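Note that this is a predicted model, so its numbers are computed, not measured. Residue numbers start from 1 in every chain, and the chains themselves are labelled A, B, ... in the order their sequence lines are given, proteins ahead of strands.
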Amino acid sequence: MTNHRNFKFQLVFFYFYANFENFKNQILYQKMAKFLTDREENYAQWYNDLVIKADLAENSAVRGCMVIKPYGYAIWENIQAELDKMFKATGHVNAYFPLFIPKSFFSREAAHVEGFAKECAVVTHYRLKNSENGTGIVVDPDAKLDEELIIRPTSETIIWNSYRNWIQSYRDLPILINQWANVVRWEMRTRLFLRTAEFLWQEGHTAHATREEAVEETMKMINVYTEFAEKYMALPVIRGYKTDNEKFAGAIDTYSIEALMQDGKALQAGTSHFLGQNFAKAFDVQFTDRNGKLDYVWATSWGLSTRMIGALIMAHSDNKGLVLPPKLAPLQTVIIPIFKNAEQLGKITELALRLKSELEKAGIKVKYDDRDNNTPGWKFSNYEFKGVPVRIAIGPRDLENSTAEIARRDTLTKETISVASVTGRVIKLLEEIQGNIYNKALQFMKENTYYPDKWSDFVDIIENRGGFVMAHWDGTSETELKIKEETKATIRCIPFDSGEEEGKCIFSGKPSKRRVLFARAY
RNA sequence: CGGGGUGUAGCGCAGUUGGUUAGCGUACCUGCUUUGGGAGCAGGUGGUCGUCAGUUCGAGUCUGACCACCCCGACCA
């Protein structure tokens, strides 16, 4: 009896002892789970929590409009800086056109009006006055505009109205202009970064003498976006043509890059449009060619928006918070001191500042966080939450041994190395992390790309698994719309690189020459 | 724009059939002890209870309208 009780006690004790670390972790985990909703539990909530709690953005007093906070804006500034370099390298220059577009401009291009009419903000008056009863300010009815102004949802019309005056001969072409701007599309349902009433973007608007040159430009820019997504965002994408249903209002052809998010939904990450002569005709922009013949100018436009920040979050981040690609992270490395008293902190600070300046000389964005109102553990979690790629911790043990502890955000692994090798190691780690998260995203995309040949399989994948679905399509809008109606999946693009393959349409059974990319999309 | 839900301290929440001075956790401030994975104790600051109107001796609580946000649909990058 006694033995039995002892045995039981030992078992219980052993169990407790063996699992103590687990208990600790569980308690910690529960605390963190409260802080951030699990990705697997509720993906949409996880995303919202992340944006708010990582201090990227918040909702504002204006319905559907967000405040982009400094940490989120810093990511956008990095996106801008890299893209801008790429635009300049391909011969483009920046300019700025008005926020307001006369209403009449809009109606010049029929498809264009049709596409945007339902989501335009309109300015009707230009003055306010004190109300008669003195209770506030009202719109002055005497200050009605003769012609209402549309707040740009995109700038083709206002820009082509200017181009008419700039272009007379082939010698004035090409015009290769980009503008960084805000635009407004009055969306009913909004989500931070992914869909807001006002957003920031760049829009390129080019004018060319020949069709070939304009088509080439359209392709060139979708390739610039592809390179940017893959090299800087660590985001693998599929390039392709949009179908007639999905293309830009007013375009002959729209090319897009499509990325796959961790919940299996697709996100359009950048678009480039071949506009043909549509806008030139609408705004009467003609030029004299080499042979003295008059012709309409050929056009392209292309854009990439703050939505990319949403893509960045959804592609890489995890239950511990953001995971940012080093090339776009506002902060690439953080140094955290671990100290018991002021004297220790002094010594650690000396070393930390030396490391900081060494890292800065190597072009790394680094911060030394010596605040004493948070514990090291708190800082570890906090910087993990904010997605800082590399963390360096220096404590008393390191001072003794001339070492530092280096932790990487993507794998959450740690190593202790000599102080002398820190800078070299960090440089290498940043490259490794950039490569690793790209490879992870690429592998995820491959694992979640399906090639069904039966309609029941198609439906099953869309309904239960999500992901990219490469399937045969008969090329008709009717089929595309019916598939959308039944499954909510749309044709994201007709990939450039998928190659020809004989087959039968997944829905209608009619003959098809190639697979196209279906998915549910953001 | 249709359906559902929620608005109480910076954040997360409780507040009974209407009844004193509206509470808890967290964050913040002060002090002491701490600091190698979200520290502890003690004290303290902070609220026109989403807005407006109504019912009532009395409204966080009941009624109405409006506003905002979240989720699900239609629309879009």
Side-chain angles (χ1 to χ4, degrees), chain A residues 21 24-25 27-37 42-45 47-49 52-53 58-66 115-120 153-154 183-203 242 245-249 254 256-259 266-273 302-311 320-321 336-342 344-345 348 370-385 391 393-399 403-405 407 412 414 416 484-485 488 490 492 521-522:
Chain A
E21 284 302 310
K24 258 173 66 185
N25 287 340
I27 290 159
L28 195 66
Y29 181 76
Q30 277 161 10
K31 268 187 165 173
M32 281 163 41
K34 264 188 201 165
F35 192 64
L36 174 65
T37 305
N42 185 339
Y43 194 84
Q45 193 58 47
Y47 174 83
N48 290 337
D49 282 5
I52 300 289
K53 289 174 179 167
E58 64 186 24
N59 284 304
S60 71
V62 184
R63 182 199 191 99
C65 294
M66 65 178 160
F116 286 107
K118 282 174 288 182
E119 51 188 29
C120 285
T154 179
V183 286
V184 169
R185 297 181 187 175
W186 212 260
E187 300 291 346
M188 285 306 151
R189 225 183 118 197
T190 60
R191 287 189 69 190
L192 293 170
F193 289 118
L194 297 175
R195 191 187 298 110
T196 47
E198 180 191 14
F199 58 90
L200 305 183
W201 76 347
Q202 57 68 217
E203 46 181 327
K242 284 292 189 186
N245 284 324
E246 297 280 332
K247 77 183 184 190
F248 174 71
T254 292
S256 77
I257 52 174
E258 302 286 330
L267 187 140
Q268 181 174 306
T271 53
S272 182
H273 315 292
W302 26 274
L304 185 148
S305 75
T306 39
R307 192 181 218 206
M308 275 307 231
I309 297 173
K320 284 190 178 279
I336 296 170
I338 297 156
F339 56 96
K340 291 200 198 305
N341 52 52
Q344 250 177 19
L345 177 61
I348 291 168
D370 62 348
R371 288 176 299 174
D372 62 357
N373 56 337
N374 292 113
T375 61
W378 187 91
K379 290 175 188 172
F380 291 175
S381 303
N382 193 246
Y383 287 108
E384 270 164 18
F385 196 78
R391 178 184 74 228
I394 304 169
R397 282 206 304 267
D398 296 306
L399 278 187
T403 56
E405 183 192 78
L412 295 166
K414 293 191 273 201
T416 299
K484 184 180 177 184
E485 216 171 281
K488 289 178 220 149
T490 50
R492 300 320 303 152
Y522 276 100

- Report yes if the side chains of A:Lys379 and A:Arg391 come closer than 4.5 Å at any heavy-atom pair, otherwise no. no
- Message: More than 12 heavy atoms of other residues, nucleotides or ligands under 6.0 Å from CH2 of A:Trp201: yes or no?
- Response: yes
From C-beta outward on [X], which listed nucleotide comes closest to its side chain: [options]?
X	options	value
A:Glu187	B:C72, B:C75, B:C71	B:C75
A:Arg195	B:G38, B:C76, B:G36	B:C76
A:Trp378	B:A74, B:A77, B:A39	B:A39
A:Ala44	B:G73, B:C71, B:G36	B:C71
A:Phe380	B:C70, B:G37, B:C72	B:G37
A:Thr196	B:A77, B:C72, B:C70	B:A77
A:Ser381	B:A74, B:G36, B:G37	B:G37
A:Arg397	B:C72, B:C71, B:G36	B:G36
A:Asn59	B:A39, B:C70, B:A74	B:C70
A:Lys484	B:C75, B:G73, B:G36	B:C75

Whether [X] contacts [N] is assessed here as follows: a side-chain N or O lying under 4.0 Å from the phosphate OP1 or OP2. Is that the case?
X	N	answer
A:Lys488	B:G73	yes
A:Arg391	B:G37	no
A:Asn48	B:C71	yes

- Task: Assess whether side chain to side chain contact (heavy atoms under 4.5 Å, CB included) is satisfied between A:Ile338 and A:Arg397, documenting all intermediate values.
- Result: CA-CA 10 Å; A:Ile338 297 156; A:Arg397 282 206 304 267; over 6 Å; no
For atom [atom1], what is the distance between [N] and [M], given to the nearest Å?
N	M	atom1	result
B:C32	B:C71	C1'	48 Å
B:A74	B:C1	C1'	8 Å
B:A14	B:U61	C1'	13 Å
B:C76	B:G18	P	49 Å

- Message: Rounded to whole Å, how long is the line connecting atom CG of A:Asn382 with atom P of B:G37?
- Response: 16 Å
Interface polar pairs with nucleotides 33-35 of chain B, N/O, under 3.5 angstrom:
from  : atom 1 : to       : atom 2 : distance (Å)
B:U35 : N1     : A:Phe339 : O      : 3.4
B:U35 : O4     : A:Lys340 : O      : 3.4

- Message: Under a 4.0 Å threshold between the charged nitrogen and the carboxylate oxygen, would A:Glu258 count as salt-bridged to A:Lys242?
- Response: yes
- Of A:Lys414 and A:Glu119, the one whose closest RNA chain B nucleotide lies more 5': A:Lys414
- Item | A:Arg195 to A:Tyr522, cation-pi by 6.0 Å centre distance and 45° axis angle | no
- Where is the tightest heavy-atom contact between A:Glu203 and A:Thr154, given as atom of each residue plus distance? OE1-OG1, 3.5 Å
- What heavy-atom pair brings A:Gly310 and A:Leu194 nearest, and what distance separates the two atoms? CA-CD2, 3.9 Å
Give one of base, sugar-phosphate or nothing for [X], where a contact means two heavy atoms less than 4.0 Å apart.
X	value
A:Phe248	nothing
A:Gly64	sugar-phosphate
A:Leu304	nothing

- Atom pair CZ (A:Phe380) and CG (A:Asn374), whose distance is rounded to the nearest 0.5 Å: 12.5 Å
